[in-house]
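What follows is a set of notes on a single structure, which appears directly below.
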Amino acid sequence: MFLADCRARLAFDLIGNTWNAVVLWALRSGPRRPGELREGIGGISPKVLTETLRRLEYNGLVGRRAYPEAPPRVEYGLTDLGRSLVPLIGAFGEWAFEHGDDVLAAQDRAEAPARECPRDPRPAAGLR
């Protein structure tokens with residue numbers, strides 16, 4: 001059973017968030033500034049990146065380092081705990097590369113009946 005406090009659910013929640021794994025993967029080669037992360041990750045807004053980094057920091061996967069400079073500079077990097085997830089994220093990415101076309105084909109098959117035969121919202125003749 002996957003109880004509310006189950007450790008497996010905790011792990012699934014960490015990886016299940018759309019951006020968590022992407023940001024962790026983007027940090028795998030070393031610390032980066034938020035602007036560098038946004039440039040390297042397509043489609044993430046500054047707000048969502050900030051929320052994701054805070055969530056990852058809260059969970060001990062990412063560390064934040066502020067430099068006492070003017071203007072201020074901040075970098076984010078993986079903690080040892082965060083680095084321990086990188087091989088798992090990589091394995092999941094390999095699975096997606098190998099099987100992504102199969103998943104997309106299944107989605108197309110599932111959506112095909114709706115595209116081929118749109119429902120007419122009007123009642124059929126004689127059924128009023």
So do V86 and W25 actually touch side chain to side chain, heavy atoms under 4.5 Å?
-> yes
Output the rest of the hydrophobic cluster of W95: all Ile, Leu, Val, Met, Phe, Trp and Tyr residues reachable through side-chain heavy-atom contacts under 4.5 Å, sorted by chain and number.
-> V103
Any chance you could pull the hydrophobic cluster mates of L104, using side-chain heavy atoms under 4.5 angstrom and chaining through other members?
-> none
Please answer: with hydrophobic residues joined when any side-chain heavy atoms are less than 4.5 Å apart, are W19 and F92 in the same cluster?
-> no
Going by atom type alone, with no hydrogens or angles, which donor-acceptor pairs under 3.5 Å involve a side-chain atom of residues 29-39 and a protein atom two or more places apart or on another chain?
| from | atom 1 | to | atom 2 | distance (Å) |
| --- | --- | --- | --- | --- |
| R32 | NH1 | A26 | O | 3.1 |
| R32 | NH2 | E36 | O | 3.1 |
| E36 | OE1 | R33 | N | 2.7 |

Atom pair CG/CG of N59 and L81 - distance to nearest 0.5 Å = 8.5 Å
Test salt bridge (charged side-chain N to carboxylate O under 4.0 Å, His left out) applied to D80 - qualifying residues, sequence neighbours left out = R83
Donor-acceptor pairs under 3.5 angstrom involving side-chain atoms of residues 40-56: please list them, not counting sequence neighbours.
| from | atom 1 | to | atom 2 | distance (Å) |
| --- | --- | --- | --- | --- |
| S45 | OG | V48 | N | 3.1 |
| T50 | OG1 | P46 | O | 3.0 |
| T52 | OG1 | V48 | O | 2.8 |
| T52 | OG1 | R55 | NH2 | 3.2 |
| R55 | NE | N20 | OD1 | 3.0 |
| R55 | NH2 | N17 | OD1 | 3.2 |
| R55 | NH2 | N20 | OD1 | 3.2 |

Locate the shortest heavy-atom distance separating T79 from G60; write the atom from each residue and the value.
-> OG1-O, 2.6 Å
Tell me, yes or no, whether the heavy-atom count around D101 atom CG, taken from other residues, nucleotides or ligands under 6.0 Å, exceeds 12.
-> no
Y67 atom OH, over 12 foreign heavy atoms within 6.0 Å | yes
If you measure from CD1 on I89 to CG on L24, what distance do you get to the nearest 0.5 Å?
-> 4.5 Å
Under the salt bridge (charged side-chain N to carboxylate O under 4.0 Å, His left out) rule, what pairs show up with a residue in residues 59-75, not counting sequence neighbours?
-> E69-R73, R73-E75
Rounded to the nearest 0.5 Å, how far does CG of L27 lie from CG of L61?
-> 10.5 Å
Partners meeting side-chain contact (heavy atoms from CB on, under 4.5 Å) with L88 (sequence neighbours left out) | L85
